[in-house]
Structures are given as C-alpha cells and as structure tokens.
Colleague: 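Take a look at the following structure, please.
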Number of protein chains: 2
Amino acid sequence: MVPDGLLTVANYLAKMPNSMGHTMNPEAYKQKAMVIKAMAHPSRLLMLDALAEGEKCVCELQRLVGSDLSTVSKHLSVMKNAGLVADRKEGLQVYYRLRVPCVLRFFDCVEAVLRENSAAAARALRE
Amino acid sequence: MVPDGLLTVANYLAKMPNSMGHTMNPEAYKQKAMVIKAMAHPSRLLMLDALAEGEKCVCELQRLVGSDLSTVSKHLSVMKNAGLVADRKEGLQVYYRLRVPCVLRFFDCVEAVLRENSAAAARALRE
DNA sequence: ATGTTACTTGGTTATTTTACCAAATAACAA
DNA sequence: TTGTTATTTGGTAAAATAACCAAGTAACAT
C-alpha cells in the first residue's frame, strides 16, 4: 500500500497545484493539508528549525528532540513524504536537509499569531 | 477542563514567544504546533482561503465546504482557539474573520513545496 | 563470516481527531 | 408564548497519529 503523499506516477497528476491561486479543487486542499500537517508537531518543528542551520544526521536530530530513535525516524519520514525534507545517505549515517527554504518564514507568521494571542490575553487581564 | 490553547490567565505566561527566534523551550514548540495544526485540514484551509476575501457567516462557510453544520462549527472553533480567526455575532448569524493576515502568505510556501514535489515526480518519470 | 553502528520498519497500545446525529441555546418574529 | 432560524455542544463511533519496543536492513570494520 502506497502512502498518500508519495511521489508515485499515480500521485503526480493528482497533486499538480493549479496556477489560479484561489479556485482550487478539493484534492489540492488535501495536498496542502498534508504538507501543513507534516509540520504540525512540536518535535517536527524543532527539527525543521534545526535543519535551518544545515543538514543534520538522524542521530543529531534524535539528541535534539530526545525521543526514541524510531520515533524520530518516523517523524522524518512524514516530513520527507510531504516534501519538506530530503535525505542523503553517507556511510552509516543519513543526513536530512530542508527541501524548500521558505518553510522557515512560515514560523514568523505563527509567532505573529502567538504574539497576537498574548496581546489579547493581556488585554483581557486588564479589564 | 480548559482546552490547551484557550486564552486563560494560566496560558498567558506559558505561550509567550521569546524574542530570540531559535532558542525556544519545548512549550513554545507546542504552542506553535497548535497553531499550525489548526490549519492542517482541507476544510479549514478552504475556509481560511475564503475568509481572505472578508468575513463570512458560518452558513456561508458551510455551503462552501459541504459538511454538516456542526462539523463546520467545530472546525471554526479549533481555528478560533488557536487564534487564527475571530468571530462576531450579528443577529442570528456569527461572522468569522481572519485574525492575522499573514496566514495567507503561508499558502504560497505550501504551494512551492507542492510544485517542488511535482517537479521531482516529473524528473522521476523522465528516467 | 561476525560484529557493530545508524537507521528503518512492523507491531501494539494509547491518545487525538473527525464526522455525524441529536439536543441545547440564542436571537428574533408572530 | 410559540415557532423558526443560526449556531454550538454533547455523545459516540471510526479513523488517524504517536510513542515505544523489538526485529530487520545496510554499510562498514575485523
């Protein structure tokens, strides 16, 4: 059974984003959701942040997040499947790297949301 | 029981993003993940896209996504909880709007990832 | 071959998420 | 009051996700 996001011939046509921006079919939203979901986990965010500095092997990433190696490996495969990261084997180690750099600017916006939340909470406290 | 992301006094301190960008505590990653997770669903993406045009009532959004009204309402509450949208009641209707506009630029990057995926798939086909 | 290191995969269990229906609430109308 | 419309909330079942351990693979060393 082939995972949804895998780059198979079958998936190739299905996941073509159209160029019109806002009139998108449901399939396109599924694909986008898959990519975003692949980021939506604390450990995965931590790893993406770390990969901003450059490629890292699985062992380094594991030290960073502190979970079981198999857990880290599975997180990486989710992100690889979504196209967020790519890997490269060198000797015994596997190095992961960011595949599309803009992912990092993503975080600025998330932080803006959190700041806005804090500000709203602060306003609520003052009343 | 209070939901994790609710803007309570207790959560106010916990979710303060620090200003140093890359040295963040685990709690901050949880908060970021919550925001991103709130986007990570096809129907929710569709609604965010629709809200880019301006505020919309729940009934309009329901017509758009086509699920049960209660389902749509719950999706909206997830996004509201994360701070992505805000609501306003007018008569019988509740209008939702984007709370932090940068959320939309988010999508450009996701589309870049998908384009990169397609390109890779195309390269794979040529071999 | 045998062992070792670095990683992935399979299996299991616990938790979370999602969808729908049904019932509750809220605002307005008659 | 009674009814109607718009929305939320509670309950429940199905599906997806996440964590760990154990077993498998792959590259290299002895």
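Below, chains carry the letters A, B, ... as their sequence lines are ordered, and counting in each starts from 1.
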Colleague: Where the side chain of B:Lys74 is concerned, which of C:dG10, D:dT8, D:dG11 is the nearest nucleotide?
Modeller: D:dG11
Colleague: If a pair satisfies disulfide (SG to SG under 2.5 Å) and one of its residues is in residues 69-102 of chain B, list it, with sequence neighbours excluded.
Modeller: A:Cys109-B:Cys102
Colleague: Could you note down all residue pairs passing ring-ring contact (aromatic ring centres under 6.0 Å, His included) where residues 76-95 of chain B supplies at least one of them, sequence neighbours left out?
Modeller: none
Colleague: Would you mind checking if A:Arg99 and A:Glu55 are paired as a salt bridge, meaning a charged N to carboxylate O distance below 4.0 Å?
Modeller: no
Colleague: Sort me out a list of protein N/O and nucleotides 15-18 of chain C N/O pairs below 3.5 Å, or just none if empty.
Modeller:
from: C:dT18; atom 1: OP1; to: B:Arg44; atom 2: NH2; distance (Å): 3.4
from: C:dT18; atom 1: OP2; to: B:Arg44; atom 2: NH1; distance (Å): 3.2

Colleague: Do any N or O atoms from the side chain of B:Asn117 and from the backbone of A:Ala82 form a donor-acceptor pair under 3.5 angstrom?
Modeller: yes
Colleague: Which residues in residues 57-70 of chain B have at least one heavy atom lying under 4.0 Å from any atom of DNA chain D?
Modeller: B:Cys57, B:Val58, B:Cys59, B:Leu69, B:Ser70
Colleague: Is any side-chain heavy atom of A:Leu51 closer than 4.5 Å to one of A:Lys56?
Modeller: yes
Colleague: For DNA chain C, find the residues of residues 87-97 of chain B with a heavy-atom distance under 4.0 Å and give them by number; none if there aren't any.
Modeller: B:Lys89, B:Gly91, B:Leu92
Colleague: Are B:Val85 and B:Leu69 connected into the same hydrophobic cluster when the rule is that any two of I, L, V, M, F, W, Y join if their side-chain heavy atoms are below 4.5 Å apart?
Modeller: yes
Colleague: Tell me if a side-chain donor or acceptor on A:Gln93 pairs with a main-chain N or O of A:Glu90 at a distance below 3.5 Å.
Modeller: no
Colleague: Taking only distance into account, with no hydrogens and no angle test, what donor-acceptor pairs under 3.5 Å do side-chain atoms of residues 36-48 of chain A form with protein atoms, sequence neighbours excluded?
Modeller:
from: A:His41; atom 1: ND1; to: A:Ser43; atom 2: N; distance (Å): 3.0
from: A:Arg44; atom 1: NE; to: A:Ala38; atom 2: O; distance (Å): 2.8
from: A:Arg44; atom 1: NH1; to: A:His75; atom 2: ND1; distance (Å): 3.0
from: A:Arg44; atom 1: NH2; to: A:Lys37; atom 2: O; distance (Å): 3.2

Colleague: Any salt bridge linking A:Glu111 with A:Arg105? Criterion: basic side-chain nitrogen under 4.0 Å from a carboxylate oxygen.
Modeller: no
Colleague: Find the distance between CD (B:Glu53) and CG (B:Leu98) and round it off to the nearest 0.5 Å.
Modeller: 10.5 Å
